[in-house]
Amino acid sequence: MAPLKAFFILSVGLLLAHQTFARNDAPCQPSDWNKGYNTFVQHHIPSGTPNSLNQTEWKNFIQTKTGCSRPTQSFLSPKDLDKVREVCSSKGGKTHKENLCISRQSFTFVTVRSEPGTCGIKSIREENKHLILACEVLGNDCLPVHFEGNPKNLKPNGTAVFSLAPPKRV
Ligand SMILES: *[C@@H]1O[C@H](CO)[C@@H](O)[C@H](O)[C@H]1NC(C)=O
Ligand SMILES: *[C@@H]1O[C@H](CO)[C@@H](O)[C@H](O)[C@H]1NC(C)=O
């Protein structure tokens, strides 16, 4: 086999393996997970979230809107949608690690823990933290596709900037 052809086959193989098994190693890489942003919005910034921390209202909400198969769910306020989208840009975010960005500002959101299956509420907490979101390019925009959670309450590193790795595909 000609060396060039072998190299080409190897490269394609590595590219496919990378896309299939690994998380992108920098934010804002092209993605073929087209539904990622819509899923993020449905899971983490849906319309109609209760305005209080009332347990009955939150149980009804997750039962009818988001389901309770995920035992921990965090909900941002729909009025913050534009600012949440900006976390995936230099305006609102900084590069964190892998394909994750961390927000420059902190956000208030509600984290609901529930019993899988029954939706029985274990806790409802209001949190105020910097967001850590996975960001990928869908169409022409770099958009959030995953809410990572920030249990250690990390803040953007003063030295970090919003930097993009060179795209892997040409
Ligand atoms: C919680 O909401 C339910 C349904 O809207 C209401 O009946 C109940 O009084 C509320 N509980 C509290 C503590 O406000
Ligand atoms: C901030 O980033 C610098 C350079 O990457 C690193 O050496 C330092 O440990 C980071 N600090 C924190 C608090 O993450």
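Excluded from the calculations below are hydrogen atoms, water molecules and symmetry mates; all remaining heavy atoms, backbone and side chain alike, are included.
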Pair Glu126-Phe109, side-chain contact (heavy atoms from CB on, under 4.5 Å): steps then yes or no:
CA-CA 6 Å; Glu126 190 168 78; Phe109 56 94; over 6 Å; no
Minimal non-hydrogen separation, Asn153 against Lys155, with atom names:
O-NZ, 3.5 Å
Could you list all the ring-ring contact (aromatic ring centres under 6.0 Å, His included) pairs where at least one residue sits in residues 47-75, not counting sequence neighbours?
Trp58-Phe61, Trp58-Phe75, Phe61-Phe75
From Leu53 atom CG to Ser123 atom OG, the distance as rounded to the nearest 0.5 Å:
10.5 Å
Hey, can you tell me if Phe147 and His44 have their rings parallel, tilted or perpendicular (30° and 60° cut-offs)?
parallel
Has Lys65 got a side-chain atom pairing as donor or acceptor with Ser47's backbone, closer than 3.5 angstrom?
yes
Quick check on Lys91: does its NZ atom have over 12 non-hydrogen neighbours (other residues, nucleotides or ligands) under 6.0 Å away?
no
According to a hydrophobic-cluster definition based on side-chain heavy atoms being under 4.5 Å apart (Ile, Leu, Val, Met, Phe, Trp, Tyr only), do Phe107 and Ile124 belong together?
no
Does the Gln73 side chain pair with the main chain of Gly67, one donor and one acceptor, at a distance under 3.5 Å?
yes
Nearest-0.5 Å distance that lies between atom CG in Leu76 and atom NZ in Lys79
10.0 Å
Using the rule that Ile, Leu, Val, Met, Phe, Trp and Tyr join whenever any side-chain heavy atoms are under 4.5 Å apart, tell me whether Val137 and Val87 fall into a single cluster.
no
Interatomic distance, Asn128 atom CG to Thr108 atom OG1 [nearest 0.5 angstrom]:
4.0 Å
Are the side chains of Thr72 and Val112 in contact, using a 4.5 Å heavy-atom criterion?
no
In the structure I gave you, are the side-chain heavy atoms of Ile102 and Leu131 within less than 4.5 Å of one another anywhere?
no
side-chain contact (heavy atoms from CB on, under 4.5 Å) test vs Leu133 passes for just one of Asn150, Val84, Leu100, namely Val84
Could you tell me the separation between the CD atom of Gln105 and the CD atom of Glu86, rounded to the nearest 0.5 Å?
8.5 Å
Using a strict cut-off of less than 4.0 Å between a Lys/Arg side-chain nitrogen and an Asp/Glu carboxylate oxygen, indicate whether Asp80 and Lys83 qualify as a salt bridge.
yes
Rounded to the nearest 0.5 Å, what separation is found between the CD atom of Glu57 and the OG atom of Ser52?
4.5 Å
Is there a chain of hydrophobic side chains (I, L, V, M, F, W, Y, each step under 4.5 Å between heavy atoms) that links Val110 to Leu81?
no
Using the rule given for side-chain contact (heavy atoms from CB on, under 4.5 Å), can you reason through Lys129 versus Ser106, listing the C-alpha separation, both sets of side-chain angles and the distance that settles it, and then say yes or no?
CA-CA 5 Å; Lys129 285 178 175 173; Ser106 57; 5.7 Å; no
Please check this pair: side chain of Arg104 against backbone of Ser90, looking for a donor-acceptor N/O pair closer than 3.5 Å.
yes
Closer than 3.5 angstrom, by distance alone: can the side chain of His130 be matched with the main-chain N or O of Ser103 as a donor-acceptor pair?
yes
Within the side chain of Asn54, is there an N or O that forms a donor-acceptor pair under 3.5 Å with the backbone of Thr56?
yes
Considering residues at least two apart in sequence or located in another chain, which fulfil the disulfide bond (SG atoms under 2.5 Å apart) criterion with Cys135?
Cys88
Would you say the side chain of Asn99 lies within less than 4.5 Å of the side chain of Asp25, judging by non-hydrogen atoms?
no
Quick one: pull up CG in Asn157 and OG1 in Thr95 and give me the separation to the nearest 0.5 Å.
11.0 Å
side-chain contact (heavy atoms from CB on, under 4.5 Å) between His43 and Arg70, intermediate numbers included
CA-CA 10 Å; His43 283 178; Arg70 289 169 300 127; 3.4 Å; yes
State, with a plain yes or no, whether a side-chain heavy atom of Pro78 is found less than 4.5 Å away from one of Thr49.
yes
